[in-house]
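No experiment lies behind these values; they were computed from the predicted model shown. Labels below follow one simple rule: chain letters A, B, ... track the order of the sequence lines, proteins then strands, and each chain is numbered from 1.
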Amino acid sequence: MSIQLYNTLTRKKEKFIPIEEGKVKMYVCGPTVYNYIHIGNARPVIAFDTVRRYLEYRGYEVNYVSNFTDVDDKIIKAANELNEEVGELTNRFIEAYFEDVGALGCEKATAHPRVTEHIGDIVQFIQLLIEKGYAYESNGDVYFHTREFDGYGKLSHQSIDELKVGARIEENAIKSDPLDFALWKAAKEGEISWDSPWGKGRPGWHIECSVMARELLGDTIDIHAGGQDLTFPHHENEIAQSEAATGKTFANYWMHNGYINIDNEKMSKSLGNFILVHDIRKQIDPQVLRFFMLSVHYRHPVNFAQDLVENAANGLERIRTAYHNVQHRLSMSADLAEDPQSWLDRIDEQITSFENAMDDDFNTANAIAAIFELAKQANVYLLEKNTDRQVLERFLEAFDQLMGVLGLPFESVDELVDEEVDALIQERLDARKNRDFARADEIRDQLKAKGIVLEDTAQGTRWKRG
RNA sequence: GGCGGCAUAGCCAAGCGGUAAGGCACGGGUCUGCAACACCCUUACCACCGGUUCGAUUCCGGUUGCCGCCUCCA
């Protein structure tokens with residue numbers, strides 16, 4: 001089966017066909033770095049990191065680009081307030097971004113371009129738009145003439161006239177049409193700026209993505225992704241700029257993730273009800289956060305609430321326990337069992353349903369269901385008196401593979417080795433053998449107080465942090 | 001005003017023409033010295049009203065209720 005993905009441009013699920021066979025050019029809009037990212041910012045990063053991992057799992061070579069907006073009004077404002085250089089501030093938050101997103105299991109992109117590294121390219125791109133008659137200079141600013149671009153509105157499915165009726169667009173004497181948007185903004189006194197043919201200034205917001213995507217991926221890319229709210233105007237404007245400049249399709253597939261709500265209310269920096277990843281990951285296992293977000297389809301809203309996250313934590317724990325129990329069994333016995341084949345087949349069935357789910361517009365909710373089913377099968381298998389080494393290994397391999405695609409690797413065994421704990425467990429085993437249950441329970445309670453939970457199995461006692 | 005989304009068990013969440021995946025929680029069993037882990041069993045007339053169809057949770061129309069975009073925002 002082939003991968004189907006929902007394309008905002010056509011509002012349909014489409015078969016994914018890359019421009020170049022076996023390769024994917026993907027661009028994901030990244031954050032404006034003037035603060036730590038909130039969990040809403042983290043959603044697209046997690047969602048599209050998962051998309052990327054699955055594409056790679058499917059054998060594609062993915063060239064994944066995600067930018068940093070490291071100069072804009074909010075950054076300048078924040079830098080002024082903190083009495084810090086713009087560059088210092090953005091470096092600080094870019095570093096924090098990598099820490100936060102890394103904790104959430106997201107791989108680094110192939111490239112993380114920054115706006116300030118591409119000013120020259122941006123200036124050239126704007127010049128090209130002016131030459132082609134799509135942009136004009138006014139008072140040191142440069143604007144894109146929206147009405148000159150025929151396809152304007154095709155992504156958000158808005159007609160240009162309706163947009164005007166919508167009417168919350170600011171009137172501005174400098175623009176010749178209220179729908180026009182800035183490509184270049186003239187610098188105010190004392191602001192960070194770069195020289196340009198139109199005087200000192202800096203790039204507008206939308207132009208950076210058009211330019212950096214083109215520089216790093218070419219005129220036409222396969223997948224362009226970002227949060228739902230970027231559809232209009234950001235992505236619409238990117239299309240206008242890029243296609244006006246190159247005369248080619250900018251991106252074949254547009255993917256947009258849904259929001260995170262808090263108590264069913266939209267979370268955003270402007271509303272102020274946001275949860276910073278920097279803070280929350282100290283309280284909640286970041287893998288749980290990732291698992292929680294992936295338990296809902298990426299296009300649907302996720303409601304963030306304490307009890308729902310705990311719910312997800314319990315579910316993840318079930319999968320981890322199954323995995324570690326298989327590992328434990330493998331380390332404790334080397335039984336041989338009859339007919340491993342039917343079990344190997346069952347494992348393959350779950351891998352297939354996982355793949356089917358992911359092929360269907362990256363349906364991680366269903367993919368997770370397949371992993372739960374795998375866990376169930378593993379638990380049932382562990383009930384057998386005799387197990388086959390090959391089957392146990394295959395279970396682990398499948399768990400590793402599937403959870404790996406979701407960016408949720410299992411803790412390695414090494415981290416679970418502790419001599420002191422082992423000694424206590426041995427002492428408890430002896431106590432139980434001598435029917436000294438008081439001592440046995442005492443040890444169990446003692447370990448529990450240290451956050452270590454014991455599980456007695458037919459093959460011995462295993463422990464975990466809980 | 002324009003564009004769009006959602007409404008499925010106590011909670012979360014898939015499915016989207018052939019009488020409902022999965023998880024969490026609850027209850028009943030089994031396992032256990034007791035527990036933990038686990039296993040088995042139990043739990044839904046898919047917001048409402050019409051229509052199309054042999055058959056609709058799934059398609060069409062309408063109603064109600066939430067939500068989003070059209071403005072910086074993931």
Side-chain angles (χ1 to χ4, degrees), chain A residues 8 11 28-32 37-48 69 72-74 77 153 156-159 161-170 179 205 225-234 236 256-261 264-271 274 291-292 295-297 299-303 305 307-319 321-322 324-325 328 353 357 360 363-373 375-376 378-383 431-432 435-438 440-441 444-445 448 453-458 461-464 466:
Chain A
T8 306
R11 288 181 176 165
V28 180
C29 287
T32 300
I37 59 163
H38 61 235
I39 56 173
N41 294 308
R43 166 109 108 141
V45 186
I46 290 171
F48 299 118
T69 299
D72 98 315
D73 290 341
K74 282 171 293 188
K77 190 169 164 237
S156 53
H157 301 91
Q158 299 270 353
S159 88
D161 297 312
E162 299 295 353
L163 283 170
K164 206 170 177 187
V165 174
R168 278 191 291 176
I169 299 157
E170 67 175 291
L179 285 174
W205 174 38
Q228 225 157 51
D229 51 343
L230 294 183
T231 308
F232 190 92
H234 187 53
E236 196 71 71
H256 294 97
N257 64 274
Y259 297 108
I260 285 187
N261 295 142
N264 292 310
E265 200 179 46
K266 180 184 168 180
M267 173 176 70
S268 71
K269 287 183 182 176
S270 33
L271 282 177
F274 53 86
F291 182 78
F292 171 66
S295 68
V296 179
H297 185 93
R299 281 190 285 121
H300 293 176
V302 166
N303 193 30
D307 55 331
L308 299 181
V309 174
E310 277 167 22
N311 182 328
N314 291 340
L316 214 212
E317 192 52 33
R318 175 178 167 78
I319 294 167
T321 301
H324 289 124
N325 282 341
H328 183 256
S353 44
D360 182 17
N363 193 327
T364 50
N366 278 340
I368 287 171
I371 295 174
F372 274 120
E373 196 51 47
K376 166 68 69 80
N379 286 331
V380 169
Y381 189 61
L382 291 177
L383 255 27
R432 288 179 71 207
R435 305 192 65 78
D436 179 2
F437 297 125
D441 290 350
R444 188 168 66 197
D445 291 344
K448 194 175 181 187
V453 178
L454 299 184
E455 286 172 18
D456 295 326
T457 75
T461 300
R462 67 168 285 265
W463 62 274
K464 64 175 183 179

* To do: Using the C1' atom on both, measure U64(B) against C26(B) and round to a whole Å.
  => 32 Å
* Looking at R462(A) and D456(A), does any basic side-chain N land under 4.0 Å from a carboxylate oxygen? -> no
* To do: Round to a whole Å and report the spacing from CD1 of I260(A) to P of A74(B).
  => 12 Å
* In dot-bracket notation, what is the pairing pattern of RNA chain B, taking Watson-Crick (N1-N3 plus N6-O4 or O6-N4) and G-U wobble (N1-O2 and O6-N3) contacts under 3.5 Å, with [ ] crossing and | for other strands? -> (((((((..(((.....[...)))..((((.......)))).....(((((..]....))))))))))))....
Any protein N or O atoms within reach of nucleotides 14-17 of chain B? Criterion: under 3.5 Å, listing atom names and distances.
residue : atom : partner : partner atom : Å
A14(B)  : OP1  : H297(A) : N            : 2.9
A14(B)  : OP1  : H300(A) : ND1          : 3.3
A14(B)  : O3'  : N363(A) : ND2          : 3.0
A14(B)  : O2'  : N366(A) : OD1          : 2.1
A14(B)  : O2'  : N366(A) : ND2          : 2.3
G15(B)  : OP1  : N363(A) : ND2          : 2.9

* Tell me: CG of L382(A) to P of U30(B), nearest whole Å? -> 22 Å
* To do: Consider only side-chain N and O atoms of N325(A) and H328(A), and report whether a donor and an acceptor are under 3.5 Å apart.
  => no
* Asked: Do T364(A) and H297(A) have side chains that get closer than 4.5 Å, going by heavy atoms?
  -> no
* Aromatic stack F437(A)/G33(B): centroid gap under 5.5 Å, interplanar angle under 30° -> yes
* Nearest-0.5 Å distance, SG of residue C29(A) to NE2 of residue H234(A) -> 3.5 Å
* Taking C-beta and beyond as the side chain, do N41(A) and F274(A) meet within less than 4.5 Å on heavy atoms? -> no
* Ionic contact status for D445(A) with K448(A), cut-off 4.0 Å -> no
* Does the side chain of K376(A) get closer than 4.0 angstrom to OP1 or OP2 of C40(B) through an N or O atom? -> yes
* Mind calculating the distance between CD (E455(A)) and P (U32(B)) to the nearest angstrom? => 16 Å
* To do: Could you check how far CG of D229(A) sits from P of A74(B), rounded to whole Å?
  => 6 Å
